[in-house]
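One structure is given below, encoded as structure tokens.
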Amino acid sequence: MLVIQQMETKAHEMCMERVIRGFCHLYFRQEAVAVGVEHAITKEDAVITSHRAHGWTYMRGVSVLGIMAELAGRASGCAKGKGGSMHMYCTNFYGGNGIVGAQVPLGAGIAFAMKYSKKSNVCVTVYGDGAANQGQIFEAFNMAKLLDLPCIFVCENNLYGMGTLAERASANTDFYKRGDYIPGIWVDGVDVLAVKSATEFAKAFVLKNGPILLEASTYPRYQIYLRGDIFRSREEVLKLDEIAYEWTREPIRDMKKRILSAELATVDDLQNIDNEIRQEVKVAAERSKIDPELPVEEVYTNIYHQPPPDFRVRGCDPTIKAATR
């Protein structure tokens, strides 16, 4: 959780410095969800998530450098700098997705492939409260239940979809109840151990019974989209200030209290861990600023997994075609 927090803090700085260009969707204070889920599944299980993908990418196995360099558009990034903030991938991690909610039917498809292949694995399909109103999500629920697919649908509820408060966009904000014919669980998304336990239960359930919906209620998303937020009125910003002020819990702070009260470590031990992680992230961030970008020719590569021999791709000018590989 500390690695994700420090990584996102540095990403915020790099975005303000314009080292990271375009949107940068941060995972602040949602760390307990990705960490808790990952510790309840295996690397043979699959995960697919939304545009808020950095924390999930790290938990799936991509290094800090692989993420920071990808954010900066560098060749050492996990997608060679081609994907950026929203499009990161690794083995059994099908990335973030730039289209709101579009990853949910894809996740159902991944779960179908697992069942079809007779694998004892699940797909964790993550979306936000803002995406919860997408029609394609309910279509995916329907197909998943019809086929009893091993899919854990995880709604990360950080109270805001873009700049809109959930209660303004959703007639029913109990997202765990919105699966209708799919059972749902509410879990405290600030408590990493609760998330782990809920996911362990969910995995065992879906392998026997088909899909389940898990709503993880997280800390309110206080960070806006870094370039200004035209969706929030002044009154709503003030309300969010009030919500954040009253929300006294936070994943890492809560876990530190547990560790100290159980005497599993000392304050100095935790501070040393914090310092080590800060240094690791700092080194990765500095390298991501100076690593080379891909040459222009690479725009034609990695378009297809196995292109036919002498396959050509045209650019803006249809008379110019380039070979791909």
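All values below were derived from every heavy atom in this structure, side-chain atoms included, with hydrogens, water molecules and symmetry-related copies excluded. All residue numbers in this chain count up from 1 along the given sequence.
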If I compare all heavy atoms of [X] with all of [Y], which pair ends up nearest, and what's the gap?
{"X": "Ala265", "Y": "Leu260", "result": "O-CD2, 3.4 Å"}
{"X": "Ile212", "Y": "Ile182", "result": "CA-CG2, 3.6 Å"}
{"X": "Val100", "Y": "Ala131", "result": "CG1-CB, 3.6 Å"}
{"X": "Cys123", "Y": "Ile48", "result": "SG-CG2, 4.2 Å"}
{"X": "Gly189", "Y": "Val33", "result": "O-CG2, 3.7 Å"}
{"X": "His87", "Y": "Gly98", "result": "CE1-N, 3.6 Å"}

Quick one: [atom1] on [X] to [atom2] on [Y], what's the gap to the nearest 0.5 Å?
{"X": "Leu214", "Y": "Phe205", "atom1": "CG", "atom2": "CZ", "value": "12.0 Å"}
{"X": "Phe23", "Y": "Met86", "atom1": "CZ", "atom2": "CE", "value": "7.5 Å"}
{"X": "Arg287", "Y": "Ser76", "atom1": "CZ", "atom2": "OG", "value": "5.5 Å"}
{"X": "Gln136", "Y": "Tyr127", "atom1": "CD", "atom2": "OH", "value": "12.0 Å"}
{"X": "Ile290", "Y": "Arg74", "atom1": "CD1", "atom2": "CZ", "value": "9.0 Å"}
{"X": "Glu215", "Y": "Thr218", "atom1": "CD", "atom2": "OG1", "value": "9.5 Å"}

Next item on the list: Taking atom types as modelled, find out whether Lys80 and Asn302 have a side-chain donor-acceptor pair closer than 3.5 angstrom.
Entry: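 The criterion, which ignores hydrogens and geometry beyond distance, is satisfied for Asn302 and Lys80.
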Margin query: For Gln279 and Asn275, which I'm curious about, is there any donor-acceptor pair between the side chains at under 3.5 Å?
Written below: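 There is no such pair (donor and acceptor under 3.5 Å, judged by atom type) between the side chains of Gln279 and Asn275.
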Under 6.0 Å from the [atom1] atom of [X], do we count more than 12 heavy atoms belonging to anything else shown?
{"X": "Lys289", "atom1": "NZ", "value": "yes"}
{"X": "Phe175", "atom1": "CZ", "value": "yes"}
{"X": "Glu17", "atom1": "CD", "value": "yes"}

Item checked: Lys196 and Glu200: CA distance, side-chain angles, deciding distance, salt bridge (Lys or Arg N to Asp or Glu O under 4.0 Å) verdict -> CA-CA 6 Å; Lys196 179 177 180 291; Glu200 287 172 342; 2.6 Å; yes
Quick check on the hydrophobic clustering: are [X] and [Y] connected, directly or via other members, by side-chain heavy-atom contacts under 4.5 Å?
{"X": "Ile259", "Y": "Val35", "answer": "yes"}
{"X": "Ile110", "Y": "Leu207", "answer": "no"}
{"X": "Leu264", "Y": "Met1", "answer": "yes"}
{"X": "Val281", "Y": "Ile273", "answer": "yes"}
{"X": "Val267", "Y": "Leu2", "answer": "yes"}

Answer whether the closest heavy-atom distance between the side chains of [X] and [Y] falls below 4.5 Å.
{"X": "Leu71", "Y": "Met7", "value": "no"}
{"X": "Ile41", "Y": "Thr199", "value": "yes"}
{"X": "Met14", "Y": "Ser288", "value": "yes"}
{"X": "Ile277", "Y": "Gln5", "value": "no"}
{"X": "Arg52", "Y": "Asn158", "value": "yes"}
{"X": "Val104", "Y": "Gln134", "value": "no"}
{"X": "Arg178", "Y": "Ser170", "value": "yes"}
{"X": "Val62", "Y": "Met88", "value": "no"}

Notebook entry, point to check: Under 30°, 30 to 60°, or over 60°: which ring-plane class applies to Phe138 and Phe141, parallel, tilted or perpendicular?
Noted result: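 Rings of Phe138 and Phe141: perpendicular, over 60°.
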Checklist line | Name of the residue among Arg21, His54, His51 meeting side-chain hydrogen bond (donor to acceptor under 3.5 Å, both in side chains) with Ser85 | finding: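 Exactly one option meets the side-chain hydrogen bond (donor to acceptor under 3.5 Å, both in side chains) with Ser85, and it is His54.
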Next item on the list: Please assess Glu31 against Glu8 for the test side-chain contact (heavy atoms from CB on, under 4.5 Å), listing each intermediate value before the final yes or no.
Entry: CA-CA 10 Å; Glu31 302 92 350; Glu8 296 294 67; over 6 Å; no
Tell me whether [X] contacts the main-chain N or O of [Y] through its side chain, where contact means a donor paired with an acceptor under 3.5 Å.
{"X": "Glu293", "Y": "Ala75", "result": "no"}
{"X": "Glu167", "Y": "Thr173", "result": "no"}
{"X": "Lys82", "Y": "Leu294", "result": "no"}

Notebook entry, point to check: Please walk me through it: do Asp274 and Arg278 pass salt bridge (Lys or Arg N to Asp or Glu O under 4.0 Å)?
Noted result: CA-CA 6 Å; Asp274 194 289; Arg278 285 176 187 271; 2.4 Å; yes
Next item on the list: Report the C-alpha separation of Ile185 and Tyr176 in whole Å, then their side-chain angles, then the decisive distance to 0.1 Å, and conclude whether the side-chain contact (heavy atoms from CB on, under 4.5 Å) test is met.
Entry: CA-CA 6 Å; Ile185 303 173; Tyr176 69 100; 5.7 Å; no
Next item on the list: Kindly indicate, with the supporting measurements, whether the criterion side-chain contact (heavy atoms from CB on, under 4.5 Å) is fulfilled by Val206 and Cys151.
Entry: CA-CA 6 Å; Val206 301; Cys151 192; over 6 Å; no
Item checked: Listed once per pair and sorted, the salt bridge (charged side-chain N to carboxylate O under 4.0 Å, His left out) pairs that draw on residues 33-51, sequence neighbours left out ->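 Qualifying pairs, neighbours excluded: Glu38-Lys43, Glu38-Arg60, Asp45-Lys203.
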Item checked: Trace of the side-chain contact (heavy atoms from CB on, under 4.5 Å) decision for Met59 with Val47 -> CA-CA 10 Å; Met59 291 310 300; Val47 174; over 6 Å; no
